[in-house]
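In what follows, every heavy atom counts, from backbone to side chain, and hydrogens, waters and symmetry copies are set aside. For reference, positions follow the sequence shown, starting with 1.
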Amino acid sequence: MEPDVERSIAHPPPPLNADDVDVDPSLTENASERERDAHSSAPSTLREDASQPQSEKDVESNQAGSSAESVLPSAVKIPRSKRQGLFARFCLLAEVEEPKHYPRRTKWFITFIIALAAAAAPLGSSIILPSLSDIAVDLDTTPTVTNLSIALYMLSMSIFPLWWSSFSEIVGRRTIYLVSFALFLVWNTLAAISTNIAMLVIFRLLGGGAASSVQAVGAGTIADVWEVQERGKAMGIFYLGPLMGPLLAPILGGILGEKLGWRSTQWALVIYGGVLLIVLFFAQPETLKVTRPLLQEPPGETAATPLGLQRTRSAQKIQQGASKTVRSLKCIFLDPLKIILYLRYPAVMITVYYASVTFGCLYMLNISLETTFSKPPYRFNTIELGLAYMPNSLGYIIASLLGGKWTDKIMVNAAKRAKRYDEKGHLIYRPADRMRENAWLAAFLYPSALIWYGWTAEKGIHWVVPLIANFFFGIGSMLIFAAATTMLTEFMPRRASSGVAVNNFVRNIFSCVGAIVAGPLISTIGDGWLFTIMGLWAMASCVVVWAMRHYADRWRARMEKELG
């Protein structure tokens, strides 16, 4: 049953200079659309705002018990001269004071752009999968060494987001997007003209690190603009971008590799990155309120001094300069590593662990497809190998479209069953409510699909049978990915990008190791035993779901106390 929404009156914005501000019709909703939005998305207390009380930042609520009509606040446009982010004046979509007040169509537009940008990194990791054998021949190396171009690409996607995420909380999302995709263009151009395997591996590593910015910062953007009760659905749509990479990249890579050679796959990444850079430049506004420039000194250290004391000795100036340099270096090189310390919190650690096991299995499966189906009895050519990646990707898409909305519904129902209401009659949401029957289904679905795939592929059963197993693997694994990522943004609402970055850090290490060891293990023990072991490990890891059900509230209270 949908709760009624209490009447609220949006305060009119303060008058602004007419030279700086013009009327933007896209930023205001008509009355009927506000009413529709009110019933589907009541204002949440989740804010990445230091001025908000802790009880409001970390407790999610939904309006209940009122029959009054609702009017949502209109988005207040920020003058071009005061907009934040790199080249912000050129952005055609206005920055606003509260991104959650954007019209719904604008929120979906931003989500769509970020989803496309998020596709770049997985596109780069998967597009050369059908051409690995061709690369080994062309650059005179072995298939195992060629696999390093995949494994180290994933390793860079684990490490670089620590810095992207840390910097995004200081300089904002837009600046990170523009800088990272400019670098993505450069590194992929150099990868395309590589003359040896070392050059290819190094520049693919750097390219993966550049594109990985969206893996962490993108989830932060979703948290910036969407209320909690709709965030699961929005996160599911956001994940369509990264999941379209594994679906389309092997097909595109197979066609390009067959017709134009493996280098054309890297040029395709250059073209895609260039288009994205243009779109982000003109259409992605800043959604995070930046309070202090990256290298600005902390408050109090640069306060104005009385006129008579403005003259300081040279030694003091040198000391101040050295201190500023040390602070700058610390901010650049050491502070991002602090993100890893979030793993000391059990709620974060086990959520990240569960997602990482699933992600490691995914990349072992990707390597197995290329290794197994290129040999007898299947003997797939490059294009057919690309098409073999479709079933699990179709499973990702179905779970992404339906799973996010399902987890939102599960979250609401859990709060209603527990009768968790605050003093104003709002439903109180908890992040762990996202991991219930959906997680139990996934916990048994994708490990079973791994075992199914492993033995049918090893025994050479008709190719349709193992690929059907991959479809169910895609559904089960995506349910885990979406629930885990959304939960992390809600466990740390003011540090959403950091929570996702630490998730990417661990899970991409798992995928890196998986990509390296998959080939040798398949040669040694075969697909059957390899994926039986992985399936049993994944199935045993479902203890995470049970632990979340019983201990999440206690762990979250400890996090709130320590994080302040």
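Checked by atom type and distance alone, the side chain of Arg263 pairs as donor or acceptor with a backbone atom of Ser194 at under 3.5 Å. Remark: side-chain polar atoms of Ser126 are not paired, donor with acceptor, to backbone N or O of Leu123 under 3.5 angstrom. Put simply, the side chain of Ser165 never gets that close to the backbone of Leu162: no donor and acceptor are under 3.5 Å apart. Looking only at distances, a side-chain donor or acceptor of Trp164 sits under 3.5 Å from a matching main-chain atom of Gly209. Although no hydrogens or angles enter the test, the distance criterion places a donor-acceptor pair under 3.5 Å between the side chain of Tyr389 and the main chain of Asn366. Using a distance-only test at 3.5 Å, with no hydrogens or angles considered, no donor-acceptor pair links the side chain of Ser131 to the main chain of Asp134. A donor-acceptor pair is defined here as one N or O able to donate and one able to accept, closer than 3.5 Å; no such pair exists between the side chain of Arg204 and the backbone of Ile150. With Arg420 contributing its side chain and Ile428 its backbone, the two residues share a donor-acceptor pair below 3.5 Å. Side chain of Arg507 to backbone of Phe359: no donor-acceptor contact under 3.5 angstrom is found.
Side chains of Arg104 and Glu230 form a contact here, defined as non-hydrogen atoms less than 4.5 Å apart. The closest side-chain heavy-atom distance from Leu206 to Phe160 is below 4.5 Å. Contact of the Glu370 side chain with the Ser133 side chain is registered, since non-hydrogen atoms from C-beta on lie closer than 4.5 Å. Between Leu387 and Ile251, the closest side-chain pair of non-hydrogen atoms falls below 4.5 Å. With contacts defined as side-chain heavy-atom distances shorter than 4.5 Å, the pair Ser541/Trp537 qualifies. Between Leu132 and Asn147 there is a side-chain heavy-atom pair separated by less than 4.5 Å. Annotation: side chain of Arg434 is in contact with side chain of Asp408 (closest heavy-atom distance under 4.5 Å). A heavy-atom distance below 4.5 Å is found between the side chains of Phe380 and Trp463.
Tested against Thr146, the residues Val201, Thr141, Val137 include a single side-chain contact (heavy atoms from CB on, under 4.5 Å) partner, Thr141. Of the options Arg549, Met548, His550, a side-chain contact (heavy atoms from CB on, under 4.5 Å) to Trp546 is made by His550 and by none of the others.
Residue Ile350 comes nearest to Ala547 through the heavy atom pair CD1-CB, 4.1 Å, listed as atom of the first residue, atom of the second, then distance. Residues Val225 and Lys107 come closest through the heavy atom pair O-CE, 3.1 Å. The minimum heavy-atom distance linking Asn188 with Gly207 is given by the pair ND2-CA, 4.3 Å. Ile480 and Ala355 make their closest contact through CG2-CA, 4.2 Å (heavy atoms, listed as atom of the first residue, atom of the second, distance). Closest heavy-atom contact between Arg174 and Gln284: NH1-O, 2.7 Å. What you find for Ser213 and Phe181 is that their closest heavy atoms are OG-CE1, 4.5 Å.
Ser158 pairs by the side-chain contact (heavy atoms from CB on, under 4.5 Å) definition with Leu155, Phe505, Asn508, Ile509, not counting sequence neighbours.
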Trace of the side chain to side chain contact (heavy atoms under 4.5 Å, CB included) decision for Trp262 with Leu200:
CA-CA 12 Å; Trp262 69 267; Leu200 176 66; 3.8 Å; yes
One pair to check against side chain to side chain contact (heavy atoms under 4.5 Å, CB included): Tyr342 and Val352. What are the steps and the verdict?
CA-CA 10 Å; Tyr342 289 127; Val352 167; over 6 Å; no
Check step by step if side chain to side chain contact (heavy atoms under 4.5 Å, CB included) holds for Tyr177 and Ile114.
CA-CA 9 Å; Tyr177 291 140; Ile114 300 305; 3.6 Å; yes
Apply the test side chain to side chain contact (heavy atoms under 4.5 Å, CB included) to residues Val357 and Phe510: give CA-CA distance (whole Å), side-chain angles for both, the deciding distance (0.1 Å), then the verdict.
CA-CA 7 Å; Val357 169; Phe510 273 63; 4.0 Å; yes
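The aromatic rings of Phe473 and Tyr396 sit perpendicular to each other, their planes meeting at more than 60°, with 30° as the lower class boundary.
The OG atom of Ser356 lies 11.5 Å from the CE atom of Met349; values are rounded to the nearest 0.5 Å. Rounding to the nearest 0.5 angstrom, the gap separating the OG1 atom in Thr371 from the CE atom in Met364 is 10.5 Å. The structure places OG of Ser149 at 12.5 Å from CD1 of Ile202, a figure rounded to the nearest 0.5 Å. Here Ile461 contributes atom CD1 and Tyr378 contributes atom OH; the two are 7.0 Å apart, rounded to the nearest 0.5 Å. Taking CD of Glu437 as the reference point, atom CG of Leu441 lies at 9.5 Å (rounded to 0.5 Å). A distance of 6.0 Å separates CE in Met157 from OH in Tyr153, rounded to the nearest 0.5 Å.
Arg436 CZ: more than 12 foreign heavy atoms inside a 6.0 Å radius. Heavy-atom contacts from other residues, nucleotides or ligands closer than 6.0 Å to CZ of Phe112 number 12 or fewer.
Electrostatic pairing of Asp224 and Lys100 does not count as a salt bridge here, judged by no charged N lying under 4.0 Å from a carboxylate O.
In summary, the aromatic rings of Trp226 and Trp108 are positioned with their centroids under 6.0 Å apart.
For residues 372-386, the set of pairs meeting the salt bridge (Lys or Arg N to Asp or Glu O under 4.0 Å) definition, not counting sequence neighbours, is empty.
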Could you list the donor-acceptor pairs under 3.5 angstrom formed by side chains in residues 516-532, with sequence neighbours left out?
from   : atom 1 : to     : atom 2 : distance (Å)
Ser523 : OG     : Gly519 : O      : 3.2
Thr524 : OG1    : Pro520 : O      : 2.8
Asp527 : OD1    : Ser368 : OG     : 2.7
Asp527 : OD2    : Thr372 : OG1    : 2.7
Thr532 : OG1    : Trp455 : NE1    : 2.7
Thr532 : OG1    : Gly528 : O      : 2.7

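A donor-acceptor contact closer than 3.5 angstrom links the side chains of Tyr446 and Thr358. Side-chain N/O atoms of Tyr102 and Thr287 include no donor and acceptor closer than 3.5 Å.
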